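Please read all numbers here as calculations on a predicted model, not as lab measurements. Numbers restart at 1 for each chain; the letters A, B, ... are given by sequence-line order, proteins then strands.
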There are 2 protein chains.
Amino acid sequence: MLTTKDKIITASIKNFLIWGYEKTSLSMIAEDIGIKKPSIYYYFRSKEDLFTTCINYIMDSLEKSLTDSIKNIKSSKQMLESIFTTLFEFNSNLSLLVGNSYDKPVNMLNLLHLGINRFCAVKERIDRYYDTLKNVFIKMIEIGKKDNKIRKDLDTNALALELIAWIEGLFALSTVYSSFNINTMRNSLYNNMWKTIAMPESQKNGFFKKKPFSKTISLGTKW
Amino acid sequence: MLTTKDKIITASIKNFLIWGYEKTSLSMIAEDIGIKKPSIYYYFRSKEDLFTTCINYIMDSLEKSLTDSIKNIKSSKQMLESIFTTLFEFNSNLSLLVGNSYDKPVNMLNLLHLGINRFCAVKERIDRYYDTLKNVFIKMIEIGKKDNKIRKDLDTNALALELIAWIEGLFALSTVYSSFNINTMRNSLYNNMWKTIAMPESQKNGFFKKKPFSKTISLGTKW
DNA sequence: GTCTATACGCAGATAGAC
DNA sequence: GTCTATCTGCGTATAGAC
């Protein structure tokens, strides 16, 4: 059984995701759950207070899912898959919350951005989330490099940020570009992503297998 | 010499980018250029009309820059670099317009998204822009594959969308994540991006050079 | 073309009854 | 805890003078 406070938070997240901060009115939220506008003020000091609570709620929950999802995973490929899946599932849950179909992701980045330029508490919470996410990716990349599964010629820090941007960009793009359905392409997107960062098959055991071959051509030869 | 209409459009783009659609008021725009609010209605029927004009203005200009930038370019690597540079420069120009420093990109995706859920004319224009952008990327990838510069094991359509998402995601991320400065990392981001899609050195002339070597090991061996 | 004056609605927020 | 009633301010938009 959800408390009134929980209902307000859920309805707020839904409306903020659909309409953004400004266009969401407290009356809309109240109407969604069958209460009157002033009742919201019993639980929250202001619209800003309500918004900040929603962002914290989302970020806490997403951060927990992420750290849980990679616990006890040792392989970098499984880690990437797990992060990928967690982010997709989280987005799908938000999609269902706002009443979208499975095929229409929500634009969370957009909501975050709306909050950042207005409230500094939101800005700090979001920075903390991305610090966490970046560290998860860095850990995955370092394990992959150590195990010869991920290419070593890619800058780790830049790659972590690029993978985050890549995934966030996919969600964002799918909300602005009608012909792009992220879910029907999900597998080929993930496969491409892994292929681009993975160590090429021919170099995986390069040191042991290739050395004799390398010696047969002169140093410095380009081929 | 800018006409009043041009000044209104420029000031509107600036304010829409900073504050979003709802929070931008016609008084703010008028004040920015030293006119009074009702004067705007001499040039535009409504706030929606003004917004739509701004989005069309931005999209037309960006589309033109993009198609111009890849004219007469034959190599895929140069094309990617050119697209990358054009998108960065365009974003920088918008940054300067809103009064941001060079280091603080604007979030155009965010603005587009705000418009899409409200006005269908905007939605159609944006779809058209992404169609164009996607075709530019597909052309680049096809040339690259033909010339053995880009890996052939990556799905072309998915890759085109991923590269768009990647770049858009980088801009978006840099506007929500304080510790990420897209400009200081620009070179390493681009290098990583090219490396991940480029044909590995060892396979570039694979057919001719590697065949003799391949024959020395048994078929089906994983290495 | 640009202005002053103004209509009208809805937003966030509060007072106080039950 | 939840409501009705109400305050105050700002938004878009229009009428009409100059």
Checklist entry - What residue among B:Arg151, B:Lys146, B:Lys152, B:Lys145 forms side-chain hydrogen bond (donor to acceptor under 3.5 Å, both in side chains) with B:Asn148? => result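 For B:Asn148, the side-chain hydrogen bond (donor to acceptor under 3.5 Å, both in side chains) test succeeds with only one of B:Arg151, B:Lys146, B:Lys152, B:Lys145, which is B:Lys152.
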
When you get a sec, tell me which of [options] is the closest nucleotide to the side chain of [X]?
{"X": "A:Lys36", "options": "C:dC3, D:dT4, D:dT12", "value": "D:dT4"}
{"X": "B:Lys47", "options": "C:dC3, D:dA13, C:dT2", "value": "D:dA13"}
{"X": "B:Thr4", "options": "D:dT2, C:dT2, C:dA15", "value": "C:dT2"}

Let me know the distance between [atom1] of [X] and [atom2] of [N], rounded to the nearest Å.
{"X": "A:Ile29", "N": "C:dA11", "atom1": "CD1", "atom2": "C1'", "value": "12 Å"}
{"X": "B:Leu26", "N": "D:dG11", "atom1": "CG", "atom2": "P", "value": "9 Å"}
{"X": "A:Tyr42", "N": "D:dT4", "atom1": "OH", "atom2": "P", "value": "18 Å"}
{"X": "A:Phe51", "N": "C:dA13", "atom1": "CZ", "atom2": "C1'", "value": "19 Å"}
{"X": "A:Lys37", "N": "D:dT8", "atom1": "NZ", "atom2": "P", "value": "15 Å"}
{"X": "B:Glu22", "N": "D:dC10", "atom1": "CD", "atom2": "P", "value": "18 Å"}

Next on the checklist: Taking the ring centre of each residue, are B:Tyr130 and A:Phe180 less than 6.0 Å apart?
Outcome noted: no

Item to check | Ring centroid separation B:Phe88 to B:Tyr190 under 6.0 Å | outcome: no

Item to check | Phosphate contact (C:dT2 OP1 or OP2) by B:Tyr43 side-chain N/O below 4.0 Å | outcome: yes

